[in-house]
Amino acid sequence: DTGTLAHDLPGYLREQGREKSDCSLRPFPVSFAQLGWDHWIIAPHRYNPRYCKGACPRLLRYDYHAPNHAVVQSLVHQLVDANVPRPSCVPYRYSPISVLMIERDGGILYKEYENMIAESCTCR
Amino acid sequence: NQSLPSPGPLPAALPLPLLQALQVRAPGSWGWQARPASGQPLRYMLNLYRRAADSEGRPRRGRSLGTNTVRLVRASSHGGQPWAGRWYVQPLTYHLEGQPEVEHLLRATVVYLPNMPLARGRLLCALELAATGEAPRALLSPATRPHHGWAEADVTPYLVLGNGSVGSLALRHVCVRAGRVGGRDAPVAPSHPFLLLYLNDTQAGLAPPAAEPHRHRR
């Protein structure tokens, strides 16, 4: 029903900024002790993997990097069958983390692990 | 802020590098406690870490390590009395067997303190490559000017064998007490030099995604 969509659009575009409940990146600092890894990781002391949370809007904005399928699923939820869920708010881009570890033999290891910190979110 | 309960044993096949590392480093035992690390090697690695990453562990842009893995290997000494008068001579061996196959050696350096202050005088140190059947004894010269007192000597050519594998490295740590003759300094055991392996771990994670293709505004 393109008429419904067209009716929605002006109101949507008038929105100032994002809704607080919209899909977005949230901080969540943890310690390696909380994860049970402090017996072998000695640096960093803090780790903020962050997470994505929030509702994906009915009309997905460009900055959500959502693939075409997510747009279609959003329309299906809205216009065809609400049993089909809206796209999920999930991480899109990640950055690595460097850790310093103690090894059993007394050696010390510096290592970078990819995809350990969420940098942005998407609706998928 | 509650600590999580210790997880059970990890499944056999783990697709994630970090979880693989957890399995390898603490096989069957999540209660394993690393020996408390201290001393010069830890200080050196913490300095290296601070240069390479920020306080939350994000690798710094333009970081100088040029690789994703740096492994510090400690020496095993052969015992015996290393001091003879003003001279200190300590044979050292670095065992490199059992290194993960996914870690490819880019370069290797030995790190040592060439000059240590004593209460009276100084301790001057150098490293010798132990003689083998193929090569005579050789003095290692630092590749760079000492940084924060540390000197690094490149030993890559001595580690890479014909088939690309590495076994062990034998060195002699030689020091001489310089200063007033007859000084009553108690013999100080200098910190053992340590080996740094700069490695490229091909399984530390997927390569960063290629640049996002240009997408048209819908």
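We name chains A, B, ... by the order of the sequence lines, and we start the count at 1 in each one.
- In this structure, CE on A:M101 lies 8.0 Å from CZ on B:R71, to the nearest 0.5 angstrom.
- Contact check for A:K111 versus B:E103: side-chain heavy atoms found under the 4.5 Å cut-off.
- Among B:L196, B:L72, B:L195, the residue making the largest number of heavy-atom pairs under 4.5 Å with chain A is B:L72.
- Classification of B:R74 and A:E103 as a salt-bridged pair fails, no side-chain N sitting under 4.0 Å from a carboxylate O.
- Annotation for B:Y49 and A:P44: closest pair OH-CD, 3.0 Å, computed over non-hydrogen atoms.
- Closest approach of B:M45 and A:L100 over heavy atoms only: O-CD2, 3.8 Å.
- The distance from atom CD of A:E114 to atom CG of B:D201, rounded to the nearest 0.5 Å, is 10.5 Å.
- Atom CH2 of B:W83 has more than 12 neighbouring heavy atoms from other residues, nucleotides or ligands inside a 6.0 Å radius.
- When the shell of 6.0 Å around OH of A:Y51 is examined, it contains more than 12 heavy atoms from other residues, nucleotides or ligands.
- The shortest non-hydrogen separation linking A:S98 to B:A53 is CB-CB, 3.7 Å.
- Heavy-atom neighbours of B:H104 NE2 from other residues, nucleotides or ligands within 6.0 Å: above the threshold of 12.
- Using a 4.5 Å heavy-atom threshold, the side chains of A:Y110 and B:L65 count as touching.
- Considering every non-hydrogen atom in both B:E56 and A:I97, the closest pair reads O-CD1, 3.9 Å.
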